[in-house]
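First listed ligand is number 1; within each ligand, the first listed atom is number 1.
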Amino acid sequence: MGPTICCCVILIFMINISGTSSSSMIVIGHRGASGYLPEHTLPAKALAYGQGADYLEQDVVLSKDNVPIVIHDIHLDEISNVASKYPARYRSDGRYYAIDFTLAEIKTLRASERFNHQTGKPIYPNRFPFNQSTFHLVTFEEELEFIAGLNKANIDNNREVGIYVEIKEPSFHKNESRSNFSEIVIDILRKHNYTKRADKVFLQCFDLEELQRIRVQLKSDLKLVGLLSDENHRSIYNKNDFSYWTSEIGIEDMSTFVDGIGPHYSDLYEQGTTLKPSKLFNDARKHNLFIHPYTFRSDANLQPFATFDVMLEFYIDKLKVDGLFTDHPDKVVRYIEFKHKQSNTGIKLQSFSLVLIISSIAVISL
Ligand SMILES: *[C@@H]1O[C@H](CO)[C@@H](O)[C@H](O)[C@H]1NC(C)=O
Ligand SMILES: *[C@@H]1O[C@H](CO)[C@@H](O)[C@H](O)[C@H]1NC(C)=O
Ligand SMILES: *[C@@H]1O[C@H](CO)[C@@H](O)[C@H](O)[C@H]1NC(C)=O
Ligand SMILES: *[C@@H]1O[C@H](CO)[C@@H](O)[C@H](O)[C@H]1NC(C)=O
């Protein structure tokens with residue numbers, strides 16, 4: 001009797017361990033599954049959803065009639081046919097600005113894979129081809145309804161995908177007499193029941209001062225994410241001092257109004273032969289900020305990582321970041337599932353040996 005009971009207890013224990021492990025790291029579909037379909041189109045969002053992303057990203061910019069639309073830049077001319085459709089509507093710098101077009105006009109445009117507005121050449125030549133199929137820009141609300149619809153239809157699949165909203169260039173909007181841009185976005189979030197930290201929403205911005213205003217003046221309880229840049233990649237409109245915000249004192253200051261940071265992945269390791277966590281990484285951990293690095297693209301230059309999986313291993317298994325932005329959600333999800341299967345098998349084998357050892361002891365003691 002003795003050994004049988006003992007084995008049963010251990011078997012149950014073994015089953016429990018292998019059934020409960022699940023990664024808490026979140027996979028964020030960067031502009032959707034933008035590695036496969038034109039960024040920020042509904043098909044790109046649907047694909048990321050189907051590939052298993054936990055959150056879908058929305059970058060938000062205002063139209064001339066103050067409708068938030070989902071687009072990465074304040075310019076329309078690198079992801080649409082605006083220059084051929086409205087040839088005269090550029091500013092003195094030659095660029096076409098979303099804020100100079102009404103929603104009705106924006107709806108007449110065809111969206112496409114990203115290209116260089118000067119050369120017309122695609123940024124990622126191996127991605128979705130130009131001039132095939134038809135894609136459109138959508139409003140922020142249209143996208144929220146789309147995701148809510150997918151969540152409703154997938155309730156039996158236990159899928160509730162969240163949203164990851166970026167307020168783009170608040171200083172540019174302010175200069176265009178839209179100083180209440182953030183209020184407009186937060187109002188729409190509220191209308192769609194995204195109001196508090198527990199809700200499946202993150203609000204990110206490269207303008208740390210604006211995030212501070214959102215927390216302190218607007219009293220928002222949303223999870224706020226401070227996006228970090230270096231001086232070479234900062235936008236011309238953003239006057240934030242990133243050398244301050246990435247210093248320890250800046251991180252400590254930021255931790256009073258944000259919940260996490262979104263740094264470029266290369267700012268999380270020390271430059272050198274062995275990959276060690278950077279001071280920024282350690283400072284963020286010290287001040288209890290979650291870390292969501294951008295942007296993981298399997299078709300980009302991966303230096304210093306040999307392969308995409310080696311890169312994922314460093315961030316997911318070594319640094320244990322809390323989430324990451326990716327153009328290829330399927331590849332990240334596959335990596336996580338593969339690792340899990342491996343570690344579950346590890347646990348099973350260990351438990352199995354334990355069962356054998358204990359049974360032998362039991363048999364011997366009989
Ligand atoms: C796509 O079609 C437009 C209009 O027909 C044309 O001007 C453009 O060169 C085409 N682009 C590519 C990459 O084929
Ligand atoms: C702000 O707007 C004015 C005119 O409305 C424009 O001349 C100026 O270049 C803008 N500044 C920036 C930084 O865009
Ligand atoms: C933003 O400002 C505009 C113009 O002043 C106003 O019509 C609108 O109601 C404001 N929206 C919010 C959400 O504060
Ligand atoms: C928000 O929540 C309220 C109360 O639960 C519900 O009646 C309403 O339909 C929800 N709105 C949306 C857009 O989901």
Side-chain angles (χ1 to χ4, degrees), residues 42 45 49 55-56 58-78 89-104 117 138-156 159-203 205-224 229 231-242:
L42 294 185
K45 301 298 161 85
Y49 194 105
Y55 281 79
L56 302 177
Q58 299 77 31
D59 293 309
V60 178
V61 165
L62 286 182
S63 68
K64 187 175 184 173
D65 42 353
N66 296 322
V67 182
I69 60 166
V70 181
I71 180 172
H72 181 260
D73 301 319
I74 55 175
H75 306 122
L76 290 164
D77 50 19
E78 297 200 309
R89 300 275 296 277
Y90 56 86
R91 289 193 181 186
S92 56
D93 60 0
R95 305 300 304 269
Y96 296 80
Y97 288 74
I99 205 147
D100 294 334
F101 292 81
T102 63
L103 175 62
H117 72 279
V138 294
T139 69
F140 183 40
E141 284 208 83
E142 283 168 337
E143 181 158 332
L144 296 188
E145 283 171 13
F146 184 76
I147 295 169
L150 284 169
N151 280 337
K152 177 176 179 290
N154 279 280
I155 203 149
D156 293 342
R159 293 274 286 144
E160 192 199 346
V161 170
I163 59 169
Y164 210 119
V165 184
E166 180 176 345
I167 297 193
K168 297 300 291 193
E169 307 284 13
S171 334
F172 168 80
H173 283 87
K174 192 171 181 178
N175 192 47
E176 298 287 327
S177 318
R178 268 74 162 196
S179 49
N180 69 355
F181 175 33
S182 296
E183 283 89 327
I184 293 171
V185 174
I186 289 169
D187 268 9
I188 291 179
L189 287 172
R190 187 179 301 116
K191 187 175 152 196
H192 292 263
N193 290 340
Y194 293 109
T195 56
K196 50 188 189 302
R197 278 191 172 81
D199 296 335
K200 293 201 90 170
V201 53
F202 292 90
L203 189 61
C205 192
F206 275 105
D207 191 327
L208 286 313
E209 291 160 25
E210 182 68 1
L211 285 175
Q212 193 164 27
R213 190 180 79 86
I214 289 170
R215 182 70 86 215
V216 178
Q217 261 104 57
L218 306 186
K219 301 194 175 3
S220 172
D221 186 40
L222 296 169
K223 289 185 286 286
L224 301 183
S229 172
E231 296 302 318
N232 302 328
H233 294 97
R234 65 147 72 237
S235 130
I236 55 165
Y237 302 103
N238 189 338
K239 301 288 179 241
N240 280 233
D241 178 359
F242 284 108

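Contact check on Lys64 versus Asp100 returns no salt bridge, with no Lys/Arg side-chain nitrogen under 4.0 Å from an Asp/Glu carboxylate oxygen. Under a 4.0 Å N-O distance rule, the pair Glu160/Lys200 does not qualify as a salt bridge.
Note: Tyr97 and Phe172 have parallel aromatic rings, judged against thresholds of 30 and 60 degrees for the angle between ring planes. Aromatic ring pairs are classed by plane angle as parallel below 30°, tilted from 30° to 60° and perpendicular above 60°; the pair Tyr96 and Tyr90 is perpendicular.
At least one N or O atom of Asn175 sits closer than 3.5 Å to an N or O atom of ligand 2. An N or O contact shorter than 3.5 Å links Asn193 to ligand 4 by distance.
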**Request:** Tell me, with the steps shown, if Arg91 and Glu176 meet salt bridge (charged side-chain N to carboxylate O under 4.0 Å, His left out).
**Result:** CA-CA 13 Å; Arg91 289 193 181 186; Glu176 298 287 327; 3.0 Å; yes

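Of all the heavy atoms of Phe172, none lies under 4.0 Å from any atom of ligand 2, so neither backbone nor side chain is involved.
The CG atom of Asp199 lies 7.5 Å from the CG atom of Asn193; values are rounded to the nearest 0.5 Å.
Close approach of ligand 4 to Lys191 is summarised as follows: ligand atoms under 4.0 Å from at least one heavy atom of the residue are 13 (C).
In this structure, Arg159 satisfies the cation-pi test against Tyr49, with its NZ or CZ atom closer than 6.0 Å to the six-membered ring centre and inside 45 degrees of the ring normal.
One N or O on the side chain of Gln58 and one on the backbone of Leu56 form a donor-acceptor pair closer than 3.5 Å.
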Would you mind writing out a table of all protein N or O atoms found under 3.5 Å from any N or O atom of ligand 3, naming both atoms and giving the distance to 0.1 Å?
unit_1   : atom_1 : unit_2 : atom_2 : d
ligand 3 : 2 (O)  : Asn180 : OD1    : 3.3
ligand 3 : 2 (O)  : Asn180 : ND2    : 2.3
ligand 3 : 11 (N) : Asn180 : ND2    : 3.0
ligand 3 : 14 (O) : Asn180 : ND2    : 3.1

